[in-house]
Amino acid sequence: MLKIYNSLSRNKQTFTPIEANKVRMYVCGMTVYDFCHLGHARVMVVFDMVSRWFRSSGYDVTYVRNITDIDDKIIKRANENGETIDVLTQRFIDAMDEDFAKLGVESPAFQPRATQHIDGMIAMISALIEKGHAYQATNGDVFYSVRSFANYGKLSGKSLDDLRAGERVEVDTFKKDAMDFVLWKSVKPNEPNWDSPWGKGRPGWHIECSVMSAHHLGAHFDIHGGGQDLQFPHHENEIAQSEATHSCQMANTWMHNGFVRVDDEKMSKSLGNFFTIREVLKKYDAEVVRFFILRAHYRSPLNYSDVHLDDAKASLTRLYTALRGHKVSANTIGWNEPYAARFKAAMDDDFNTPEAVAVLFDLANEVNKTQSMAVASLLKSLGAVVGLLQRNADEFLQGIQPTSDLSKLPADDVLIQDKIVERLIAKDAKNFAEADHIRKELADAGIILEDTPQGTTWRRA
RNA sequence: GGCGCGAUAGCAAAGCGGUUAUGCCGCGGCCUGCAAAGCCGUUUAGACCAGUUCGACUCUGGUUCGCGCCUCCA
């Protein structure tokens, strides 16, 4: 019985799909004007894990993740770069795909782009105007009238009367209420625009998610997710738009993942304290980053630092070390097996990946003690459920980015093998001084040798 | 000002009203020519103050501190 913390009700609830054995899920994706940072990585890995768990649990999952390819920042950046928004957004979409693939994030069923759904947005805005939820202001912009929607604030727990609109940003004087938000912006010089009943212009941000979720999943779907910072106003506004348009509940369950932090502060563009995924991947193996994200609960804050990544790397190394020498692949899991049952119970409890990962470590210990193929296979299979441990163990242990000086590394694996043979000859001759010298030489280059009954193996530090 | 979240050992991070979380690090032992890996054992917990209870890290209230949202943000 899967339980999920629902932001809407502020407690854990048993998950009941709208349609038996099916899950329809929408997650707010990227605005593509720059490289993705670790905060984005977390959303993607978390909801990838969520969709994988649904599938492992026998659900047919339809996962939709949008791409925002038209907004103020994109236009600004394109102008700065002297390129078209199409060129700019496509470049960062490609970069995003590359980053996510490395992190083991599977492609969603649909990745709609805002600019492909302008007609749908115009239709929804028209409907909102007709129903009295939106109005065109004297400057030509169309706004949503928050006071017209009785439940405004139900997701974020905010009351319109307590919000401090205008405290930090000047309120647009064309609005009827300070909290009204824009659905359609009338055209400005040198900006991309589309024809509409309200003149040339472009859509506001929130409307795209209401339109694209309904297009792919219907007016009423199971799960809507995103980063915690989207809960208000973005998700609140989506609800206001969708529910006013369709007169039915939008999503049953709202999920929000916690922030990635740096020195206990939210990682964000405005603070400038962000690390891009590709920056981090220069230093750390992508699976280490994925593991780092999944060993924390998705709703908890996650502090980023090299110390923590080093720790994650050492931990993941233990898991792969247990798998080394076992030629096993992911297999069907018998969920009644005690370890598997514990893993499932953890995942069913609001996706408790830290607990699920603890089971993986217990299995690793079991593998190390018994050398059982069956246990190793289970470890690999449960790892697969969360998108971990699927590489060949030696490939991971020998391929991970070294923490030592790159320039000192032996040119290639062949050279390492030569050194190993050299050392074995010295060992056979009981010339331990020479053998230790060779081992030290390799150790200084970040290569650790391990003598086993089956011979000498190596891995990178 | 409104609303919300959190405080667990050196670091990271879970569950749980009474029984070893887990990982990294440290320490001792086994193994090893010596190491490494592994195995066994082990030192460090539950911000503070009350209350409920036979018993609280776990429930309740308060205090302190930290963080987030109320503007764009994953």
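Below, each value reflects all heavy atoms present in this structure, side chains not excepted, and no hydrogens, waters or symmetry copies. Below, chain A is the first sequence line, B the second, and so on; all start at residue 1.
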- The correct set of residues in residues 337-357 of chain A placing a heavy atom under 4.0 Å from RNA chain B is N352(A), P354(A), E355(A)
- Does any pair with a residue in residues 346-363 of chain A pass salt bridge (charged side-chain N to carboxylate O under 4.0 Å, His left out), and if so which ones, sequence neighbours excluded? K12(A)-D349(A), R299(A)-D350(A), R342(A)-E355(A), R342(A)-D362(A), K344(A)-D348(A)
- Does K269(A) have any side-chain hydrogen bond (donor to acceptor under 3.5 Å, both in side chains) partners at least two apart in sequence or in another chain, and if so, which? D34(A)
- Task: Can you tell me the distance, in whole Å, between the CD atom of Q231(A) and the P atom of rG4(B)?
- Result: 11 Å
- Message: Surrounding CG of N11(A) (heavy atoms of other residues, nucleotides or ligands, distance under 6.0 Å), is the total greater than 12?
- Response: yes
- Which whole-number value in Å describes the distance from H297(A) NE2 to rU8(B) C1'? 17 Å
- Query: Just checking M44(A): base, sugar-phosphate only, or nothing, at a heavy-atom cut-off of under 4.0 Å?
  - Reply: nothing
- Task: Classify every nucleotide of nucleotides 35-44 of chain B by which part a protein heavy atom approaches to under 4.0 Å, writing B for the base, S for the sugar-phosphate alone and - for neither, in 5'-to-3' order.
- Result: BBSSSS----
- Note on the structure: Between CD of Q228(A) and P of rC3(B) the distance, given in whole Å, is 18 Å
- Just how far, in rounded Å, is P of rA74(B) from CZ of F92(A)? 14 Å
- Test side chain to side chain contact (heavy atoms under 4.5 Å, CB included) applied to Q116(A) - qualifying residues, sequence neighbours left out: R113(A)
- Task: Would you mind reading off the distance between K12(A) atom NZ and rG15(B) atom P, rounded to a whole angstrom?
- Result: 6 Å
- Does the ring of F432(A) meet both stacking tests against the six-membered base ring of rG33(B): centre distance under 5.5 Å and plane angle under 30°? yes
- Query: Would you write out the dot-bracket form of RNA chain B, 5' to 3', with Watson-Crick and G-U pairs under 3.5 Å, [ ] for crossing pairs, | for pairs to other strands and . for unpaired bases?
  - Reply: (((((((..(((.....[...))).(((((.......)))))....(((((..]....))))))))))))....
- Query: Does K266(A) make a side-chain N or O approach to OP1 or OP2 of rC69(B) shorter than 4.0 Å?
  - Reply: yes
